[in-house]
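Report on the structure given below.
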Amino acid sequence: MTVEMKLSRKEAKLSMAHMWVAFISLLIGGLMGLLQTLVRTGKVTLPFGIDYYQVLTVHGVILALVLTTFFIIGFQTTLMSKTVGMTDRQRKLGWLAFWVMTIGTIITAIMILLGEASVLYTFYAPLAAHPLFYIGLTLVIVGTWIVCFVNFHQLYKWKKQHPGEKSPLLAFMVVINMLIWFVATLGVAATVLLQFIPWSMGIVDDIDILLSRTLFWYFGHPLVYFWLLPAYMAWYAIIPKILGGKLFSDGLARLSFILFLLFSIPVGFHHQLLEPGIDPLWKYIQVVLTFAVVIPSLLTAFSMFAVFESTGRAKGFNSLFGWFKALPWKDVRFLAPMVGMIAFIPGGAGGLINASNQLNQVVHNTIWVTGHFHITVATTVMLTFFGISYWLIPVLTGRKLDAKTNRLGIIQTIVWTVGMIFMSGSMHIAGLLGAPRRSSFSEYGGTEQATEWIGYQFAQAIGGTILFIGILLMIYTFLYMTFFAPKGEEEFPIAEEEEEASPTPAIFENWKLWIGVMAVLILFAYTIPLIDIIENAPPGSSPFKWPIGRG
Ligand code: HAS
Ligand code: CU
């Protein structure tokens, strides 16, 4: 059984600094999202000459990259402190990382706001941004690398002090997530440092577009699991405690995280199925590996049902679906993540559709994909993060989750759900009807096909407006929890193992083995295609700036 540690005031402050950046990002990024859905109705034009793609870049970068990374690191910092502890030196390094990331974010944001970096969050070449945009992003990544090493060191130190003991589950999970992140960011760092920065500075004339996209997606897919795994941490190890139960299986939870470590990375080609220049055999192999990375999500679904059912039965609800009623629907710490889980059933199914080569031909580059990631990252992951915030922020600020917070949280969850059904639902349908993503056009000069989309684009705007109300509510609740909720000591819920649980196989902690297998799989999936891409590269491209004609 793991001994929990107390979170010191100083550690709480570090984590809270990350939360501030995350929630400020939510407000700014959310406002941009609202503007986009309004423009897409075809009835609204942005004032003061503000450009749609500039707004879209702020939205993507600030929500997908900044909000997520800061929230995740803030949350994981507390998990590490609670389970394996944090030394003064580690905390100081944590602050260094925070400032490096924050300065990087500010530099990037300034370049986007100046209109020098309207390249969207995937910054596909040959669209070029000001070099400082890429330099800012590099700083953010360097900051996260510092965090990686702090986390690895925290677990290493704990292991040395507890020889032969099993590491605490949550610390194990955090280290897996940061390992995935570290190995994945090597790809994006390579393209940014070796390709984008020299090219945007004019040191080299041309960029190899296919190589840059391939290195981006080597990072881009594990990125989505970097977002998802902290949600899984909460599902596996926190939700059971909120339900009044125990961990379903420590071993199964670790197995699923190890499978993520192995299969998250060698699968980036499923974002490039329509990209010419990659041999179909290697696309096929990476699609097979993509379907392998679905397995740990299915294990997770199974564990969650098992936890729900077993805690329900333990409370005496014995009929086939009686456990359903035993769930604490009125407790926002449960409700918000639970809606996230339910959303992941269609969200995951959509992912399987995307990953299927033939179906990808139908949905690729349509707004269906936008629908897919709003139901996954913006619903499953975000609602779980909100669900975590309702107890974590009070823990960090020395306050209580009171009835008012709970009520606000429940309303927020409902507002978010309704908004997302409208927005993501209509994006999925419009996408199937052919409506493109990443486009400010709505009516396409009155073409007939586009008229089929208009109704759904209105529905998106309605959903976007409801979601923005949800964001305002969340920000209000964040401020309330930070400054006004009653003082006290809020519980940090961490579930324990069953007394009679079967032991977790020791091999799960054989880091050398798993990192070795991960490296072999990555080399297998990427070496030959990369050699092929580099050897057979067409002429590269000079930079293009948006809006065309400027800079
Ligand atoms: Fe995805 C595109 C394939 C999961 C995010 N994805 C994207 C993009 C983003 C994104 C951001 O193969 C767009 C990138 C861009 O800008 O171009 N995705 C998948 C697959 C999965 C998947 C196979 N995606 C995610 C997650 C994301 C995310 C998670 C964010 C967090 N995705 C793709 C593909 C594309 C793509 C292609 C490229 C499309 C294109 O052409 O551009 C899988 O991991 C999904 C597995 C999940 C499941 C679900 C398990 C269900 C669970 C819930 C259980 C529920 C319970 C509650 C217990 C199989 C765990 C029950 C209670 C009751 C009461 C019923
Ligand atoms: Cu992917």
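Predicted model, so just to flag it, every value in this text is computed and none were measured. In listed order, ligands and their atoms are each counted from 1.
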Item to complete: Would you indicate which of H372, H364, Q286 comes nearest to atom 4 (C) of ligand 1 when only heavy atoms are counted?
Response: H372
Worksheet item: Do the ring centers of W282 and F524 come within less than 6.0 Å of each other?
Response: yes
Item to complete: Could you pull out the closest heavy-atom pair between F269 and T214, with the gap in Å?
Response: CE2-CG2, 3.7 Å
Response to the item:
Looking only at heavy atoms, the pair that brings L262 and L521 closest together is O-CD1, 3.6 Å
Worksheet item: What residue and atom, counting heavy atoms only, is the protein's closest point to atom 9 (C) of ligand 1, and at what distance?
Response: F373 CB, 3.3 Å
Worksheet item: How far is atom 3 (C) of ligand 1 from its nearest protein heavy atom, and which residue and atom is that?
Response: G351 O, 3.3 Å
Worksheet, complete the sentence: One finds that the ligand 1 atoms under 4.0 Å from a non-hydrogen atom of F324 are 64 (C)
Fill in: Per-atom contacts, ligand 1 versus M338 - under 4.0 Å to a heavy atom
62 (C), 64 (C)
Worksheet, complete the sentence: The N/O/S atom of H271 lying closest to the Cu ion (ligand 2) is NE2
Fill in: For the Cu ion (ligand 2): the N/O/S atom of H221 at shortest distance
ND1
Discussion item. Rounded to the nearest 0.5 Å, what separates atom CD1 in I278 from atom CG in D532?
Written reply: 9.5 Å
Worksheet entry | Atoms in ligand 1 flagged as close to G348, the criterion being non-hydrogen separation under 4.0 Å | 45 (C), 47 (C), 48 (C), 49 (C)
Worksheet item: Would you call F291 a ligand 1 contact, heavy-atom distance under 4.0 Å?
Response: no
Worksheet item: Looking at ligand 1, does L228 have a heavy atom less than 4.0 Å from it?
Response: yes
Response to the item:
At under 4.0 Å between heavy atoms, what of F344 touches ligand 1? The answer is both
Fill in: Residue pair F133, F196: steps toward the ring pair (Phe, Tyr, Trp, His ring centres under 6.0 Å) verdict
CA-CA 10 Å; F133 171 83; F196 280 97; 9.0 Å; no
Worksheet item: Please walk me through it: do F257 and Y232 pass side-chain contact (heavy atoms from CB on, under 4.5 Å)?
Response: CA-CA 9 Å; F257 271 63; Y232 277 12; 3.9 Å; yes
Worksheet item: Looking only at heavy atoms, what is the nearest atom pair of K315 and L243, with distance?
Response: NZ-O, 2.9 Å
Worksheet item: Any N or O of N360 that comes nearer than 3.5 Å to an N or O of ligand 1?
Response: yes
Worksheet item: Are T191 and Y218 close enough that a side-chain donor and a side-chain acceptor fall under 3.5 Å?
Response: no
Discussion item. Under 3.5 Å between any N/O of Y225 and any N/O of ligand 1: does that happen in this structure?
Written reply: yes
Discussion item. Below the 3.5 angstrom mark, is there an N/O of R437, backbone or side chain, next to an N/O of ligand 1?
Written reply: yes
Worksheet item: Looking only at heavy atoms, what is the nearest atom pair of I180 and S264, with distance?
Response: CD1-OG, 3.9 Å
Discussion item. Centre-to-centre under 6.0 Å for F248 and F308, is that the case here?
Written reply: no
Worksheet item: Looking at W368 versus F373, is the centre-to-centre ring distance below 6.0 Å?
Response: no
Worksheet item: Mind checking whether Y53 and W546 have parallel, tilted or perpendicular rings, split at 30° and 60°?
Response: perpendicular
Item to complete: Ignoring hydrogens and angles, state whether a donor on the side chain of Y444 or S439 is under 3.5 Å from an acceptor on the partner side chain.
Response: yes
Practice prompt. Using heavy-atom distances, let me know which of L273, L229, T376 sits nearest atom 30 (C) of ligand 1.
Written response: T376
Item to complete: Check whether any heavy atom of V363 sits under 4.0 Å from an atom of ligand 1.
Response: no
Worksheet item: Just which atoms of ligand 1 are under 4.0 Å from any heavy atom in V377?
Response: 30 (C), 31 (C)
Discussion item. Does ligand 1 come near enough to Y121 that some N or O of the ligand is less than 3.5 Å from an N or O of the residue?
Written reply: yes
Discussion item. Once you restrict to heavy atoms under 4.0 Å, what part of W217 touches ligand 1? Side chain, backbone, both or neither.
Written reply: side chain
Discussion item. Tell me the protein heavy atom at minimum distance from atom 60 (C) of ligand 1, and give that distance in Å.
Written reply: S297 O, 3.4 Å
Item to complete: Indicate whether the side chain of Q76 and that of N177 have a donor and an acceptor atom separated by less than 3.5 Å.
Response: yes
Fill in: 4.0 Å heavy-atom contact, F269 with ligand 1
no
Worksheet entry | Protein heavy atom at shortest distance from atom 12 (O) of ligand 1 | A355 CA, 2.9 Å
Worksheet item: To which protein heavy atom is atom 61 (C) of ligand 1 closest, and what is the distance rounded to 0.1 Å?
Response: F305 CZ, 3.3 Å
Worksheet item: Relative to atom 36 (C) of ligand 1, which among H270, H271, H221 owns the nearest non-hydrogen atom?
Response: H271
Discussion item. For a quick test of reading the model, state the closest non-hydrogen atom pair linking S303 to L252 and the distance between them.
Written reply: OG-CD2, 2.8 Å
Worksheet, complete the sentence: Between I375 and G347, the two heavy atoms sitting closest are CG2-CA, 3.5 Å
Discussion item. For atom 5 (C) of ligand 1, what is the closest protein heavy atom, and at what distance to 0.1 Å?
Written reply: V224 CG1, 3.5 Å
Discussion item. Angle between ring planes, W329 versus F324, binned at 30° and 60°: parallel, tilted or perpendicular?
Written reply: tilted
Worksheet item: Any chance the rings of F219 and F216 have centres within less than 6.0 Å?
Response: yes
Fill in: Atoms of ligand 1 close to V381 [distance to a heavy atom under 4.0 angstrom, numbered from 1]
31 (C)
Response to the item:
So the atoms of ligand 1 within less than 4.0 Å of a heavy atom of M341 turn out to be 53 (C), 55 (C), 56 (C), 57 (C)
Worksheet item: Can you tell which of V307, N354, V294 gets a heavy atom nearest to atom 33 (C) of ligand 1?
Response: N354
Worksheet item: Short list, please: which atoms of ligand 1 are under 4.0 Å from a heavy atom of A301?
Response: 52 (C), 54 (C), 58 (C), 60 (C)
Practice prompt. Would you mind checking which non-hydrogen protein atom is closest to atom 63 (C) of ligand 1, with the distance to 0.1 Å?
Written response: I342 CG1, 4.0 Å
Item to complete: Give the numbers and elements of all ligand 1 atoms closer than 4.0 Å to a heavy atom of M304.
Response: 58 (C)
